[in-house]
Amino acid sequence: MTSTAPDRVRVHTAPADAQWWRSAVIYQVYPRSFADSDGDGIGDLPGITAHLDHLVELGVDALWLSPFYRSPQVDAGYDVADYRDVDPLFGTLADADALLERAHRLGLRVIVDLVPNHTSDEHAWFRAARAAAPGSPERAHYLFRDGRGEHGELPPNNWESVFGGRAWTRVTEADGTPGQWYLHLFDAGQPDLNWENAEVRAEFEDVLRFWLDRGVDGFRVDVAHGMVKAEGLPDWSGHVAMIEGDEQGTVPGGTNPMFDQEGVHEIFRAWRRVLDEYPGERVMVAEAWVDPLPRLARYVRPDELHQAFNFDVLVTGWDAARLRRVIDSSFAANDAVGAPTTWVLSNHDVVRHASRLGLPDPTSRPNGIGPDDVQPDAELGLRRARAATLLVLALPGSAYLYQGEELGLPDHTSLDPSVRTDPAFFRTGGTELGRDGCRVPLPWRADAPAYGFSPTGATWLPQPDEWARLAVDVQRDQAGSTLELYRAALRLRRDHALGSGDLSWAPEVSTDPTVLAFVDRDVLVVANLGEGSVQLPDDGHVLLSSAPLAAGAERTVPAATTVWVELR
Ligand code: NOJ
């Protein structure tokens, strides 16, 4: 370093308080694919409880459970028929209590999914609404409207479902005549609730209390940006994409009447008051595909939700300049409202990052990859995924991991259409493959049936043969394995308090636009997204590298590699 080296640029300063969620690493458990205890091929709550040690070994702070409530499973449980009960597929309420108890004993917090935008069409309220007359209080829980056209044969507006096809379904009235239409932004089995209705509001506050009383540490709020629709449900001809929501429609002044309406904020303020009545920093995280980031930050103002998933990093691909812009604007937007920034690379709705980053265009966002598609470069994808993970785990804020990414799992990219279950696949006539490829059951033991996922060998989706070598028991204590990389990263992140640190860009290390170099606490992070190599400064001890450093060139960061260096 010379005296003429450019100065560090501080872009984030640690807040003074230390609420657990501000820096937590939260691991998403997708119950049907985590661990199956009863051998029916579908994961369950006792299976999760039996494998919580894995999360402790990994070093995460909390887990978030995707829905396990009573549900006909039209959308893998995001169609809830009873918010206060466990689906028999997953176990019982007693199993949920046992899971909570064991997790807490192990020092893990537990966040559950809340699905407030829609219920299942098998929810008692929707059954009652169908049976009742137009204009009844039962229908007012949902968004029923008369159709257009001479005989009401046309849908009330032109909205499309996020899963494809129209967002309205017509019911048959009690007298057998074709009747009103109901709105469903997703599948027809997921009717949208009417959030202007006071009973809907009261019901969900009660559901929050039901789970808070059982001891959950918080909620992940599904489709948080969609609950309130624009008054009058006006026509809108934009396309709502599967994964990213709608970008044009959610910019300020945007016109999408389905999302990001002002009215949602008052709901979150009411919920926050409920959570604040409980001890122990219970939290809510928004799933809201809202752009740009300052607009998303409105969901995490001090009296609303605590966090929102920051999907901007996930959709950025493999481009250092863009990533730097996203990191800068994430801190700017969240710091402005005093909220932590979150970092997310994978979840149950997107192609896993080990596959996505191996695509010819890593910024493309295919809704699933099939055998006829261009296949990701598995080796390159995993190498980049490991580098991307070390980059985000070094950033201040809270990080979300999706089950299996700690094993470097790719998507299943050759699933037969006959085994697909995602409603998006059916509603688009197969044009969109959907999300099954990222939801394949986990491999625990290389030499066991279903790689240890289920005692009988049954799996609701087939596992790729090559997953044997990715099983937990193969990677555990194996130097250089992805599992050991995650464990080391989480240990060091904790030891150096990186999640609650400051961030300064370190141009003295590199000004190459394909390199991200920054300092958080006493750790220098160099993420080389370029094709060349980057020289580390002479001082400082290398703590961790996402790929091996060549013998004799231990201070050279090769392409597609992130290195953490402890500054002395
Ligand atoms: C977002 C969830 O993550 C996704 O899996 C689900 O299909 C939709 N919301 C609808 O609930």
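Ligands are counted one by one from 1 in listed order, and the atoms in each one are counted from 1 as well.
With contacts defined as side-chain heavy-atom distances shorter than 4.5 Å, the pair Gln463/Tyr451 qualifies. Contact of the Tyr182 side chain with the Arg139 side chain is not registered, since no non-hydrogen atoms from C-beta on lie closer than 4.5 Å.
Salt bridge Asp121/Arg130: absent, no basic N to carboxylate O contact under 4.0 Å. A salt bridge between Arg435 and Asp349 is present, with a side-chain N of the basic residue lying under 4.0 Å from a carboxylate O of the acidic one.
Remark: His123 pairs with no residue by the side chain to side chain donor-acceptor pair (under 3.5 Å) rule, at least two apart or across chains. Legend: residues meeting salt bridge (charged side-chain N to carboxylate O under 4.0 Å, His left out) with Arg70, ordered by chain and number and at least two apart, are Asp85.
The distance from ligand 1 to the heavy atoms of His118 drops below 4.0 Å at these ligand atoms: 10 (C), 11 (O). Set against the non-hydrogen atoms of Phe163, the atoms of ligand 1 under 4.0 Å away are 7 (O). Listed by number with element, the atoms of ligand 1 under 4.0 angstrom from any heavy atom of Arg435 are 4 (C), 5 (O), 6 (C), 7 (O). Those atoms of ligand 1 that come under 4.0 Å of a heavy atom in Val223, given as number and element, are 9 (N).
Using a 4.0 Å cut-off between heavy atoms, Arg439 contacts ligand 1 through its side chain alone, with no backbone atom that close. Of all the heavy atoms of Trp289, none lies under 4.0 Å from any atom of ligand 1, so neither backbone nor side chain is involved. In Arg220, the part holding a heavy atom less than 4.0 Å from any atom of ligand 1 is the side chain.
Among Asn117, Val80, Asp349, the residue whose heavy atom sits closest to atom 4 (C) of ligand 1 is Asp349.
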